[in-house]
Amino acid sequence: MAIPSFVDRVTVNVTGGNGGNGCASVHREKFKPLGGPDGGNGGDGGSVILRVDPDTTTLVDYHRSSHRSATNGAQGKGDHQAGGNGGDVVLPVPDGTVVSTPEGEVLADLVGPGAEFVAAQGGKGGLGNAALASAARKAPGFALLGEDGEARTIVLELKVVADVGLVGYPSAGKSSLVASISRARPKIADYPFTTLIPNLGVVVAGETTFTVADVPGLIEGASEGRGLGHDFLRHVERCAALVHVVDCATYEPGRDPLNDLKVIEAELSAHGGLEDRPRLVALNKIDVPDAREIADMVTAELRDAGMKVFPISTASHEGLDDLKFAMAEVVRTRREETPAPEATRIIIRPSAVSGPEFKVKKTEDGWLVQGDKPARWVRQTDFGNPEATGYLADRLNRLGVERELLSLGALEGDTVIIGDGPDAIVFDFQPEVQAGAEILARRGEDHRLEEPRPAVKRRRSKDEEYHAFKAGEIEAPADLSEYGKGWVEDEVDLSPAEAKAAEKAALKAARKAAIE
């Protein structure tokens, strides 16, 4: 099937790049045994951006290729090396492109060269363990995962930006009029629906320069989908003025200038939003004798109705100058009435705090925790790493999720769901705070690590006995020479240096015993 050269409505699937994972690394260097964490952050994923390009006049490129994706961010590395950011993908679109969802919600109206819209945001890179280090967690053994880029389906719809729109029945002479008053050279033929795409022409009248759009022919019922008008009525929405091009030389039965004008106005009214646009009427083809007589008959009636009428001929160029200057006057007046757009000022304000950062509700499947922050934290967590899982639990606890669950009546072992859709996680509720008990430890930590080891307690006890004996406070202990003699086996917890010192003490005691 042939692909058209002009496309004004397409559906595009855009996907932002994924953020790179953070790196969990520990600095290793000779003579630096405590180098500390040095894992770098992952790079941000690239975004898909729509940008108005004056040289782009159609959306045909996206008709051919409707899937566009940005590149992913690189993973962080050791030695504090951050991953590179993914590259943005900039999609050029014509001036006047409207971006919306498939359900019809308008996301952006891109008018003016350089106007941009981020169609798919790239994912944030994960933090490395160097960025996660703190006074309480000096050497994290984990890093955060990068977030997935945004994926969405958008609809691009082109609404031609022109000052004057030419409307009328097929073969009324609209394309011929554009060719006569500008340098545009649209396709012209004597059969209906010759014009399949809007044609733009630049017209100069005195000191006023304006653009004219030739909208494909309208027929009765165009606003309901008949003919081609249903697809192209959108192109007159931005026009400052409308010109009715009326065919005075048609031989079709039941057609006359007044009836044609009435039908086209009814279709414009049914489309809506064009009631405030000034109208001009161009009675075309007066170079034909019968057409001139018809134009003379209806001119007075139309002018009595308050309309500005211009008998013209695109073949002989009769009356075109009067029409051009009339169009220029309407455009100039419209521009004077429209206030000049103010320069855009970028103002950054903190987002308003409208309520809690999450909410919890009871469902048939369990307790559902909803909120952007908890859901994002879940996506960043590597559940294959117990320490990372404990870090997530700490973050949720500080946010108040556990306190809210307990206040709503959640019990230990209940099912808790965080997030919606396929990325949701499900786990059993294991609260830190038990009924009538105090907090024992933070998740991911163990108070037993803060207590002295049994071997340390044993050595301290023997040291106290030794100093008490030297001070004469107690009698001589049974044995002060053998380091570790008589210890219970599961109490021995020596470092390599301590084990070596104990071995030397035992050898020394053995030699002394042999000499004696």
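Values below: all heavy atoms of this structure, side chains included; hydrogens, waters and symmetry mates excluded. We're numbering straight along the sequence, starting at 1.
Judged by distance alone, with hydrogens and angles left aside, the side-chain atoms of Asn72 form no donor-acceptor pair with the main-chain N or O of Gly45 at under 3.5 Å. Under the 3.5 Å distance criterion, the side-chain polar atoms of Ser100 are left unmatched by any main-chain donor or acceptor of Gly104. Ser65 places no side-chain N or O within donor-acceptor distance of the main-chain N or O of Asp61, the cut-off being under 3.5 Å. In this structure, Asp287 contributes its side chain and Ser313 its backbone to no donor-acceptor pair below 3.5 Å. In this structure a side-chain-to-backbone donor-acceptor pair under 3.5 Å is missing from Glu147 to Gly123. Asp44 places a side-chain N or O within donor-acceptor distance of the main-chain N or O of Gly125, the cut-off being under 3.5 Å. No donor-acceptor distance shorter than 3.5 angstrom exists from the side chain of Thr209 to the backbone of Ala205, with no hydrogens or angles considered. Put simply, the side chain of Gln81 gets close to the backbone of Gly78: a donor and an acceptor are under 3.5 Å apart. Without hydrogens or angle criteria, Asn284 side chain to Val245 main chain gives no donor-acceptor distance under 3.5 Å. Listed for the Arg152 side chain is a donor-acceptor partner under 3.5 Å among the backbone atoms of Ala119.
Scanning for salt bridge (charged side-chain N to carboxylate O under 4.0 Å, His left out) contacts around Glu265 gives Arg279, with sequence neighbours left out.
Look at Glu329 and Arg332 and you find a salt bridge, because one of the NZ, NE, NH1 or NH2 atoms lies within 4.0 Å of a carboxylate O, short of that distance. Classification of Arg334 and Asp163 as a salt-bridged pair fails, no side-chain N sitting under 4.0 Å from a carboxylate O. Remark: Asp148 does not engage Arg379 in a salt bridge, criterion side-chain N to carboxylate O under 4.0 Å.
Under a cut-off of 6.0 angstrom, the local environment of NZ in Lys262 is sparse, with at most 12 non-hydrogen atoms contributed by other residues, nucleotides or ligands. The 12-atom threshold is not exceeded at NZ of Lys124, counting heavy atoms of other residues, nucleotides or ligands nearer than 6.0 Å. Around CG of Asp428, the count of heavy atoms belonging to other residues, nucleotides or ligands within 6.0 Å exceeds 12.
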What side-chain donor-acceptor pairs closer than 3.5 Å can you find for residues 88-98, not counting sequence neighbours?
| residue | atom | partner | partner atom | Å |
| --- | --- | --- | --- | --- |
| Asp88 | OD1 | Ser47 | N | 2.8 |
| Asp95 | OD1 | Gly112 | N | 2.7 |
| Thr97 | OG1 | Pro94 | O | 2.7 |

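No hydrogens or angles considered: a donor-acceptor pair under 3.5 Å links the side chains of Thr153 and Asn13.
For Pro54 against Pro113, the heavy-atom pair with the smallest separation is CG-CB, 3.8 Å. Here the shortest heavy-atom pairing between Val298 and Pro257 reads CG2-CB, 4.2 Å. Residue Leu408 comes nearest to Trp367 through the heavy atom pair O-CH2, 3.3 Å, listed as atom of the first residue, atom of the second, then distance. Of all heavy-atom pairs between Leu323 and Ala282, the closest is CD2-CB, 4.1 Å. When all heavy atoms of Lys174 and Tyr169 are compared, the closest pair comes out as NZ-O, 2.9 Å. When every heavy atom of Ser180 is checked against every heavy atom of Ser176, the shortest pair comes out as OG-O, 2.7 Å.
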CA sep, side-chain torsions, deciding dist, call: Phe358, Glu404, side chain to side chain contact (heavy atoms under 4.5 Å, CB included): CA-CA 10 Å; Phe358 68 94; Glu404 182 68 14; 3.9 Å; yes
Step-by-step side chain to side chain contact (heavy atoms under 4.5 Å, CB included) determination, Arg9 to His63: CA-CA 8 Å; Arg9 181 184 173 89; His63 179 81; over 6 Å; no
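Rounded to the nearest 0.5 Å, atoms CG (Leu156) and CG (Leu110) are 8.5 Å apart. How far CG of Leu59 is from CG of Leu158: 5.5 Å, rounded to the nearest 0.5 Å. Residue Glu150 holds its CD atom at 7.0 Å from CD of Gln121, rounded to the nearest 0.5 Å. Atom SG in Cys248 sits 8.5 Å away from atom CD1 in Ile286 (nearest 0.5 Å). Asn397 contributes atom CG, which lies 4.5 Å from atom CD of Glu402 (distance to the nearest 0.5 angstrom). If you take OG1 on Thr299 and CE on Met297, they are separated by 10.0 Å, rounding to the nearest 0.5 Å.
Annotation: salt bridge (charged side-chain N to carboxylate O under 4.0 Å, His left out) contacts involving residues 288-313, sequence neighbours excluded, comprise Arg292-Glu318.
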